[in-house]
Amino acid sequence: MKDDLKLFNELVDLLLEEEQKHPVATPIATNKLYQTLDLSLNDHPILDEDFKKTLFEIVKSTPKTASTSFFNQLFGGRMNKATLGDLLAVMLNNSMYTYKVAGPQVGIEKAVLHKICDMIGYGEESDGTFTSGGSMSNYMAMVMARDKYDPSSKVEGVSKKMIVYTSEVSHYSIQKNTSLIGIGRNQVRFIKTNDHGEMIPEDLELQIQQDLAKGFHPFFVNATAGTTVLGAFDSVEPISKICKAHNLWLHLDGAYCGGVIFSKRYKHLVKGIELTDSFSINAHKMLGAPLTCSIIVTQNKKHLYQSFSNEADYLYQTADDDFNLGKTSLQCGRRNDALKIWTLWKSVGSKGLENIVDHQFYLADVARNYIKQHPDYTLHSYDDSISVCFNYKGISAKTLCTELYLNSEVLVSFGSFRDVEFVRMVTINTSLKEQDIMNFFKRIEIFVDNKILIAKH
Ligand SMILES: *Cc1c(COP(=O)(O)O)cnc(C)c1O
């Protein structure tokens, strides 16, 4: 192991150096991938030297998500203490299903979950679990809601027309999950949004009324804290009132921006969160933990048990189910995703997490101010969002993003809202400084100046 750790350190040194020197790796065309790198698997062992050389090449040409040029996705950067925790979790290699096998790691997971429940004002009966991603958190919420609404669906299958409500700009997993839980994709009602991309509660009420009139069964509403493109926040309070009136489960998908719960300045964006039935957050997004670190919590842990526990004599051989986390998980074997957020949280405190979140909003303000002051740009997103959406000189966002990628300038993606396509830069990497944001815009400007070709598109 010692030798491999030495090699590991060499690889990490190379990575850190590359992040500085070549913040955007040279992309390899897919049809050249297998000629460029030796990725083949063979019958015989490879020489240590060649093995090392291959790994070096792979590190060099892998996209650098922790560099100052990565604005492409809803994660980025590297929180050192969280990375440390994740590396340690790999070495410890526990599985989180039982206390017997995971010991104190179970306590660590529970500490994170309970602290989050406390922070958002969930009561004594609340609890949660770690999932393999935000899509799976949303899935678990929907399963719990289904089983609460119709306990027989768990044993007999779904026989009613059960209806789900979510905004037209919510994450695609909501619709996908309806097919996985057996109610079908046609049973999703996409609720209209206002100009800022926030769900319109009146339209929600209207849709529910229409479904009730047809004898259908509304049971689940998904609200979003940070929509995937615009970073918009649905208003929890008015939506919650409607859910209470019709007895519907309200889930708050905070995969992207649920981290605002740590911020005094921004937690008003999820005002009323204590009224929801479940809430999910991806600590690998706003909190900067390595992928994946996804959490779902619910007001009443009985729903977790009702939907996900199964007796298994071969697994649960010690008592105290509260510490046998497999009973409330979708998975059986499960990697330890809790340690990385715990090491980060423990080292910087809740105050430190607050600073992380606030800094992202600050960087977004910097970016928006720059755009507003420069007439070659048009802004397409709003305050209180870490998604900064814009167009530059009327150039097609798709063309611009693709050219920037192919020329190893910056990684940034595009999105659209109401038929307008724009560049979406995300200020989620907390290690960045104001200057990095300025450099981002300068890079684009110089690139476009030198590539008059693009402007024709
Ligand atoms: C990222 C995201 C998800 C999905 O999370 P994964 O971990 O990628 O599965 C769900 N909802 C929203 C709003 C997101 O931004």
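For the atom pair CZ of F220 and CE of M142, the computed distance is 4.5 Å after rounding to the nearest 0.5 Å. We find the CD1-CG distance between I356 and L344 to be 5.0 Å, quoted to the nearest 0.5 Å. The structure places CG of N177 at 9.0 Å from CZ of R185, a figure rounded to the nearest 0.5 Å. The CG atom of L180 sits 7.0 Å away from the NZ atom of K176 when rounded to the nearest 0.5 Å. The CG atom of D376 sits 8.5 Å away from atom NE2 of H374, with the distance rounded to the nearest 0.5 Å. Rounding to the nearest 0.5 Å places SG of C243 at 7.5 Å from CG of D277.
Judged purely by distance below 3.5 Å, without hydrogens or angles, the side chains of T131 and S137 pair a donor atom with an acceptor atom. Defined by atom type and a distance below 3.5 Å, a donor-acceptor pair is missing between the side-chain atoms of Q73 and T65. Between the side chains of D211 and Y165, at least one donor N or O lies within less than 3.5 Å of an accepting N or O. Judged by distance alone, the side chains of N138 and S173 do bring a donor and an acceptor atom under 3.5 Å apart. The closest side-chain donor-acceptor pair between N94 and Q105, if any, does not fall under 3.5 angstrom. Under the 3.5 Å distance criterion, with hydrogens and angles disregarded, a donor-acceptor pair is assigned to the side chains of H246 and E205. Looking at Y392 and T378, their side chains never bring a donor and an acceptor atom within 3.5 Å of each other. Using modelled atom types and a 3.5 Å distance limit, the side chains of S387 and Y256 yield a donor-acceptor pair. No side-chain N or O of S381 forms a donor-acceptor pair with one of R424 less than 3.5 Å apart. Checking N439 against Q435 by side-chain atom types alone, a donor-acceptor pair falls below 3.5 Å. Side-chain contact of T224 with H171: a donor-acceptor pair under 3.5 Å is absent, judged by distance alone.
Applying the side-chain hydrogen bond (donor to acceptor under 3.5 Å, both in side chains) test to E202 and every residue at least two apart in sequence or in another chain returns nothing. Partners of A255 by side-chain contact (heavy atoms from CB on, under 4.5 Å), not counting sequence neighbours, listed by chain and number: D253, N282, K285.
Between Y382 and H196, the distance from one ring center to the other falls under 6.0 angstrom. Between Y266 and F361, the ring centre distance stays below 6.0 Å.
Across every non-hydrogen atom of K340 and D86, the tightest pair is NZ-OD2, 3.3 Å. Closest approach of E198 to A232, counting heavy atoms only: CG-CB, 4.1 Å. Smallest separation of non-hydrogen atoms from K64 and P23: CB-O, 3.4 Å. When all heavy atoms of L212 and P218 are compared, the closest pair comes out as CD2-CD, 3.6 Å. Across all their heavy atoms, D337 and F130 have their closest contact at O-CE2, 3.7 Å. In this structure, V297 and I120 approach most closely via the heavy-atom pair CG2-CD1, 3.9 Å.
Note on ring orientation: taking the six-membered ring where Trp is involved, the planes of H303 and W249 are perpendicular (angle over 60°, cut-offs 30° and 60°). The aromatic rings of F219 and Y149 are tilted relative to each other, their planes meeting at an angle between 30° and 60°. Between H380 and F422, the ring-plane angle classifies as parallel under the 30° and 60° cut-offs.
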ring-ring contact (aromatic ring centres under 6.0 Å, His included) evaluation trace for Y377 with F441: CA-CA 10 Å; Y377 291 86; F441 291 115; 5.4 Å; yes

Could you go through the salt bridge (Lys or Arg N to Asp or Glu O under 4.0 Å) check for D449 and K442 one step at a time? CA-CA 10 Å; D449 271 355; K442 285 284 166 291; over 6 Å; no

Apply side-chain contact (heavy atoms from CB on, under 4.5 Å) to residues K271 and E237 and explain how you reach the verdict. CA-CA 7 Å; K271 191 158 175 274; E237 276 183 338; 3.3 Å; yes

Salt bridge (Lys or Arg N to Asp or Glu O under 4.0 Å) assessment of E109 paired with R334: CA-CA 12 Å; E109 175 161 324; R334 182 162 59 87; 3.0 Å; yes

Set out, in order, the CA-CA distance, both residues' side-chain angles and the distance that settles salt bridge (Lys or Arg N to Asp or Glu O under 4.0 Å) for K161 and D150, then state yes or no. CA-CA 11 Å; K161 246 193 185 359; D150 179 7; over 6 Å; no

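Contact of the L404 side chain with the V412 side chain is registered, since non-hydrogen atoms from C-beta on lie closer than 4.5 Å.
Salt bridge absent: D384 and R368 never bring a charged side-chain N and a carboxylate O closer than 4.0 Å. For the pair D358 and K264, the salt-bridge criterion is not met [side-chain N within less than 4.0 Å of a carboxylate O]. The existence of a salt bridge linking K192 and E168 is excluded, since no basic side-chain nitrogen approaches an acidic carboxylate oxygen closer than 4.0 Å. The pair K433-D436 does not count as a salt bridge, with every side-chain nitrogen at least 4.0 angstrom from each carboxylate oxygen.
No donor-acceptor pair under 3.5 Å is formed between the side chain of S263 and the backbone N or O of K267.
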